[in-house]
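Everything on this sheet refers to the single structure shown next.
From a predicted model like this one, the values you see are computed outputs, not experimental measurements. We're numbering straight along the sequence, starting at 1.
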Amino acid sequence: MAKRTTQKASTALQIVDRSIQIRAIDRSRKTLDNWRQAIVSAESVIHPVRWLLYNIYSDATLDEHLRSVMEQRRLATTRTKLVFKRDGEDVEAITRLTHKRFFRQLLKHILDARFYGYSLVGVDFVGQTTSLVPRPHVVPSKHLVVATPYDQTGIDYSQPPYTSLYLAVGEEDDLGLLISAVPLVLLKRGDVSDWATFNELFGQPLRKGTYNPLDPAQKTQVEQALANLGSSAWVAMPDGSSVEFIESSGKTGAKDTYFGLADYLDKGMSKLIVGQTMTTQDGSSKSQGEVHERVADNITQDDQDHILSYLNEQGVAMLIAQGFDAEGGQFEFIEEEAKISKKDRLAMDLDIHTKVGKLKKEFFKQEYNVEFVNESDDEVSPADQAKQQQQGEPTTKPAKKPKPAKKEKANFQQAPNP
């Protein structure tokens with residue numbers, strides 16, 4: 001591990017320097033037998049070594065579909081706003097750290113433990129740096145960081161002062177989701193390779209040239225002529241000879257066979273990593289889309305809970321050890337409301353108004369900044385104005401004539417006769 005220094009008050013904590021001998025990734029061709037051997041080596045009780053397994057993981061994650069669905073799952077979580085609160089109030093000094101690049105990298109490493117298995121992450125909140133200890137150099141069952149992947153002695157990171165600088169994520173025997181993704185990638189790779197060979201053989205027409213077998217010079221001329229016509233396959237044969245390609249199901253059937261297997265394996269990766277295929281490949285009905293979306297939301301929520309459990313159980317203790325005032329606080333994800341256009345909101349509100357219950361005009365006035373015309377107002381609607389102009393009528397309502405006052409009956413009293 002690299003040398004690190006952090007402070008709490010005036011006490012300095014130092015990680016003892018120990019060089020890790022980083023080895024180049026083995027990029028040789030991998031097979032299912034290599035995958036099985038790597039699992040056996042990683043799960044060994046006496047001498048566990050994960051070097052072979054992580055070499056295969058590095059090779060498998062070059063697959064474009066697997067890489068895409070892994071990134072899709074990461075973004076669903078890491079793009080959500082994260083804050084640090086205590087007693088319901090935002091602690092700005094720590095919340096500001098969550099906006100930094102090193103903190104986003106920390107979230108990625110914690111989530112990636114679900115793909116790769118047990119991971120050890122170094123975090124310096126003071127220096128704002130994050131580093132992943134190379135996974136082949138971590139022996140989870142013994143809590144050791146070793147110089148080479150085959151060593152069985154090293155630094156015990158479960159003891160102070162390492163516990164205040166290194167975050168252990170995942171179960172000790174967890175090999176991650178990629179353990180199940182590797183065979184899908186290897187099978188797909190073989191299938192696509194065979195498909196490419198098929199296209200090379202049958203994707204372009206075969207050019208055939210014939211020559212007189214009694215004239216050797218003519219054979220050379222035919223071969224040169226065919227070779228100079230381009231890179232497509234060709235054959236030079238004596239007159240009277242023939243060439244025949246025998247296919248089991250025809251070109252179209254063979255193409256569907258290769259494509260169908262590759263598509264099946266891609267869907268398997270999608271289900272494994274993001275729990276569904278609708279957001280990665282398929283398009284279907286609205287009801288099915290909603291079901292797939294709920295599955296994706298459940299996985300995202302579970303990933304957020306996974307991240308928060310490590311941040312609040314170990315991360316807060318590390319913050320305190322490194323001199324931050326984090327006692328009694330915790331991290332929280334803040335879900336932002338989905339942005340809906342004003343047109344869609346109006347349609348939704350009118351639907352509620354007509355089918356569920358009446359909404360007050362005051363609601364529409366405040367929500368959409370509109371003024372309503374009362375029945376007693378003398379204003380004319382734009383539609384009525386246009387109609388009146390066409391008919392040559394005045395565009396304003398005539399003033400109402402006041403009603404004549406009612407005549408009151410006179411009350412005469414008859415004078416007495418003299």
Side-chain angles (χ1 to χ4, degrees), residues 1 18-63 65-67 69-71 73-74 108-122 131-159 162-163 166-190 265 268-269 271-274 302-303 306-307 309-310 314:
M1 295 182 188
R18 182 182 179 89
S19 59
I20 293 180
Q21 300 174 19
I22 303 296
R23 299 186 178 186
I25 298 174
D26 179 11
R27 295 295 186 185
S28 62
R29 183 175 180 270
K30 304 298 188 298
T31 65
L32 291 176
D33 286 339
N34 298 135
W35 168 67
R36 293 188 185 93
Q37 292 170 6
I39 295 176
V40 172
S41 177
E43 293 180 338
S44 172
V45 177
I46 300 174
H47 192 176
V49 176
R50 299 193 177 192
W51 166 250
L52 299 175
L53 186 68
Y54 288 123
N55 269 298
I56 294 179
Y57 283 3
S58 298
D59 185 60
T61 50
L62 294 177
D63 181 84
H65 186 81
L66 179 59
R67 197 181 190 95
V69 292
M70 288 174 64
E71 189 62 21
R73 183 162 173 177
R74 288 191 192 106
K108 176 181 177 294
H109 289 322
I110 295 176
L111 182 58
D112 276 2
R114 295 209 148 178
F115 304 139
Y116 293 91
Y118 191 91
S119 303
L120 185 64
V121 187
S131 60
L132 176 70
V133 179
R135 292 186 178 93
H137 294 262
V138 180
V139 185
S141 59
K142 299 182 180 181
H143 300 158
L144 295 178
V145 173
V146 294
T148 71
Y150 293 93
D151 288 347
Q152 292 298 302
T153 59
I155 296 177
D156 185 353
Y157 57 82
S158 65
Q159 300 298 321
Y162 309 109
T163 51
Y166 289 87
L167 181 70
V169 185
E171 301 297 329
E172 294 177 0
D173 59 348
D174 183 20
L175 300 179
L177 293 174
L178 290 177
I179 196 68
S180 300
V182 167
L184 300 177
V185 172
L186 295 180
L187 288 172
K188 176 186 171 183
R189 191 170 292 170
L265 295 171
M269 294 182 218
K271 293 175 184 177
L272 176 67
I273 303 299
V274 294
D302 188 60
D303 285 342
H306 167 78
I307 289 175
S309 66
Y310 286 98
Q314 297 182 51

Open item on the list: Per the side chain to side chain donor-acceptor pair (under 3.5 Å) rule, what does the pair list look like for residues 37-46, sequence neighbours excluded?
Closed with: none
Open item on the list: Does Arg73 form a side-chain contact (heavy atoms from CB on, under 4.5 Å) with Leu177? I'd like the steps, not just the answer.
Closed with: CA-CA 13 Å; Arg73 183 162 173 177; Leu177 293 174; 3.5 Å; yes
Open item on the list: Quick check: closest heavy atoms across Ala42 and Leu175, and the distance to 0.1 Å?
Closed with: CB-CD2, 4.2 Å
Open item on the list: Tell me if a side-chain donor or acceptor on Tyr310 pairs with a main-chain N or O of Gly170 at a distance below 3.5 Å.
Closed with: yes
Task: Non-hydrogen side-chain atoms of Asp112 and Val169 separated by less than 4.5 Å - done: no
Task: Backbone of Thr153 reached by a side-chain donor or acceptor of Asp151 within 3.5 Å - done: no
Open item on the list: With rounding to the nearest 0.5 angstrom, report the CZ to CG distance, Phe115 to Leu272.
Closed with: 9.5 Å
Open item on the list: Rounded to the nearest 0.5 Å, what separates atom CG in Leu111 from atom CG in Asp303?
Closed with: 5.0 Å
Task: Heavy-atom pair of closest approach, residues Gln21 and His137 - done: O-CE1, 3.3 Å
Task: Intermediate values then yes/no, side-chain contact (heavy atoms from CB on, under 4.5 Å), Gln314 and Ile110 - done: CA-CA 12 Å; Gln314 297 182 51; Ile110 295 176; over 6 Å; no
Task: Minimum heavy-atom distance Tyr157-Val139, with the two atoms named - done: OH-O, 4.3 Å
Task: Crowding at CZ, Arg29 (>12 non-hydrogen neighbours, <6.0 Å) - done: no
Open item on the list: Once rounded to the nearest 0.5 Å, what's the spacing between atom NE2 of His109 and atom OH of Tyr116?
Closed with: 11.0 Å
TODO: Test Ile56 against every option in Val185, Val182, Leu178, Thr61 by the side-chain contact (heavy atoms from CB on, under 4.5 Å) rule and name the one that passes.
DONE: Val182
Task: Gap between atom CG of Leu144 and atom CD1 of Ile155 - 0.5 Å precision - done: 9.5 Å
Open item on the list: Between Asp156 and Ser158, is there a side-chain donor-acceptor contact under 3.5 Å, judged purely by atom types and distance?
Closed with: yes
- [ ] Take Val145 and Tyr166 through the test side-chain contact (heavy atoms from CB on, under 4.5 Å) and record every step on the way to the result.
- [x] CA-CA 11 Å; Val145 173; Tyr166 289 87; over 6 Å; no
- [ ] Please report the shortest heavy-atom distance between Trp51 and Ala24, naming the atom on each side.
- [x] CH2-O, 3.5 Å
Task: Inter-residue atom distance Met269.CE - Leu66.CG, 0.5 Å rounding - done: 6.0 Å
Task: Flag for Asp26-Ser28: side-chain donor and acceptor within less than 3.5 Å - done: yes
Task: Rounded distance (nearest 0.5 Å) linking atom CG of Leu52 with atom CG of Asn34 - done: 8.5 Å
Task: Residue pairs passing the salt bridge (Lys or Arg N to Asp or Glu O under 4.0 Å) test where at least one lies in residues 45-60, sequence neighbours excluded - done: Asp59-Arg189
TODO: Decide yes or no on side-chain contact (heavy atoms from CB on, under 4.5 Å) for Val146 and Thr148, but give the supporting numbers first.
DONE: CA-CA 6 Å; Val146 294; Thr148 71; 5.8 Å; no
Task: Residue pairs passing the salt bridge (Lys or Arg N to Asp or Glu O under 4.0 Å) test where at least one lies in residues 168-186, sequence neighbours excluded - done: none
TODO: For residues Ser58 and Arg27, report the shortest heavy-atom separation together with the two atoms involved.
DONE: O-NH1, 3.2 Å
Open item on the list: Restricting to non-hydrogen atoms, name the atom on Ala168 and the atom on Tyr118 that form the minimum distance, rounded to 0.1 Å.
Closed with: CB-OH, 3.3 Å
- [ ] Inspect the surroundings of CZ in Arg67 and state if more than 12 heavy atoms from other residues, nucleotides or ligands are less than 6.0 Å away.
- [x] no
